[in-house]
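Each chain gets a letter, A, B and so on, in the order the sequences are listed, and its residues count up from 1.
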2 protein chains.
Amino acid sequence: MSGGGLRERKKARTRETILREAFRLFRERGYNATTVDQIAEAAEVSPATFFRYFPTKEDLVARDAFPPLIEALRAQPPGPPVAVLRGAFRTAFASLSAEEIAAGHAREVFATTVPELLAANLRRSPGVLREVTQILADRTGSDTDDPRIRNVVGAVFGVVAVVWLQWAQDPGMDGPAEVDMALAHLESGLSL
Amino acid sequence: MSGGGLRERKKARTRETILREAFRLFRERGYNATTVDQIAEAAEVSPATFFRYFPTKEDLVARDAFPPLIEALRAQPPGPPVAVLRGAFRTAFASLSAEEIAAGHAREVFATTVPELLAANLRRSPGVLREVTQILADRTGSDTDDPRIRNVVGAVFGVVAVVWLQWAQDPGMDGPAEVDMALAHLESGLSL
DNA sequence: TCCCTTATGAGAGTACACCCTCATATTTGT
DNA sequence: ACAAATATGAGGGTGTACTCTCATAAGGGA
């Protein structure tokens, strides 16, 4: 990871500096109130350079589509779809270090706090939803647009989203554990 | 409703003209590619006047938080939460005319297509979720932050959202009916 | 009819994301 | 050590949402 020439390392460091300073400023004065010029100045690069690293300001916060989930989903043993998805979430979280989860959470807090960022993230959600739906359909041998699969995916992600929202507001919460419990609840038919 | 002085009527007409022309332009050239100046010109008002009617461009598309749902929810007979929510959706849709549903759908298509608008709509979603959660908690006599209620709300809205997304892409679909079927499926434990 | 309130237009002005160009500095391969 | 490739800075430029001010016009009540 630390390999590559000096150029690569400098680029990576610049990139991290920009990210770090940007999030610091976001935290201090909010996303909208922070201008690109301010971020550039704090990171000691020119505004032009900022845009060479991040095409848009939103890209600072756009995260990748949680690839571990897809991978974990493929590796799940057979079972009812909700259980399979629950297992996938569990496996995916287990594959991350505590630091990774914490970092992801910090970013997530922004993403759920600032609507513009939420939208930037959501922009790629349909793709994830489709992919998950596709995998589940393949596994169960049903059609891709089987409404039942669609409903399962919707319900699961709805539950996860709601836990996520709550986690963003209550940092003391154990997010992954809470997700698992919530999915167990869904699995058992949302009983009271 | 058509009462009031001439002033009121003119204002209402101006407002509708702006909305109509704006959506026409959006349809023709897209949301981002349509400037406020163009909308103002098409509606034959000055740009300044545009902003007197709509504080921001996004407000053209921001819809109210589907008030019929809240109302219908309060009026539901007692029962398990998922069934109550399902009934609320059914009642809410029934209270709307076909035109209203179609208009809402058209607007929805924009809202799911253009990220900026998605953000504008999402901005009020947490409020709706909280309100629905609150009502359900009151009805069942449980605490507002009872995870079970939270999970139910998440699952229901997740399912509805997924149907909604599909509806936005397939205008031939009977949205309300599909929502009802999907919620019935959820109610029965997402069986395959 | 006269006055008061309010809506509008005109137009200049601001803020900020994002682009372009070109000169300079830094790194890499030879 | 040198040349080619590339990263950066400086700084000017653009588009567009949104604001402000002020003069004019239009509606409403007496």
Test A:Tyr53 against every option in A:Ile18, A:Asp59, A:Val45 by the side-chain contact (heavy atoms from CB on, under 4.5 Å) rule and name the one that passes. A:Ile18
Could you state the atom-to-atom distance from CD of A:Glu41 to P of D:dG9 in whole Å? 13 Å
Within residues 21-30 of chain B, those residues having any heavy atom closer than 4.0 Å to DNA chain C are none
For B:Val152 against B:Leu85, the heavy-atom pair lying closest together: CG1-CD1, 4.1 Å
Residues 165-191 of chain A vs ring pair (Phe, Tyr, Trp, His ring centres under 6.0 Å), sequence neighbours excluded, gives A:His105-A:Trp167, A:Trp164-A:Trp167
Can you list everything that forms a side chain to side chain contact (heavy atoms under 4.5 Å, CB included) with B:Glu187? Sequence neighbours excluded, please. B:Val82, B:Ala83, B:Arg86
Axis-to-axis angle across the helix from C:dT1-D:dA30 to C:dT30-D:dA1, five pairs an end, to 10 degrees? 20°
Single-linkage hydrophobic cluster, 4.5 Å side-chain cutoff, A:Met181 and B:Val153 together: no
Both conditions, 6.0 Å and 45 degrees, for the charged tip of B:Lys57 above the ring of B:Phe51: are they met here? no
More than 12 heavy atoms from other groups under 6.0 Å of CD on B:Glu100: yes
If you draw a 6.0 Å radius around CD in B:Gln134, do more than 12 non-hydrogen atoms from other residues or ligands fall strictly inside? yes
Test of understanding: with side chain to side chain contact (heavy atoms under 4.5 Å, CB included), list the residues that count as partners of A:Glu21, not counting sequence neighbours. A:Thr17, A:Arg24, A:Ala42, A:Ala43
How about A:Glu178: does its CD atom have over 12 heavy atoms from other parts shown lying under 6.0 Å from it? yes
Using a 4.0 Å heavy-atom cut-off to protein, can you give one letter per nucleotide of nucleotides 8-21 of chain C, 5' to 3': B if the base is in contact, S if only the sugar-phosphate is, - if neither? BB-B----SSB-B-
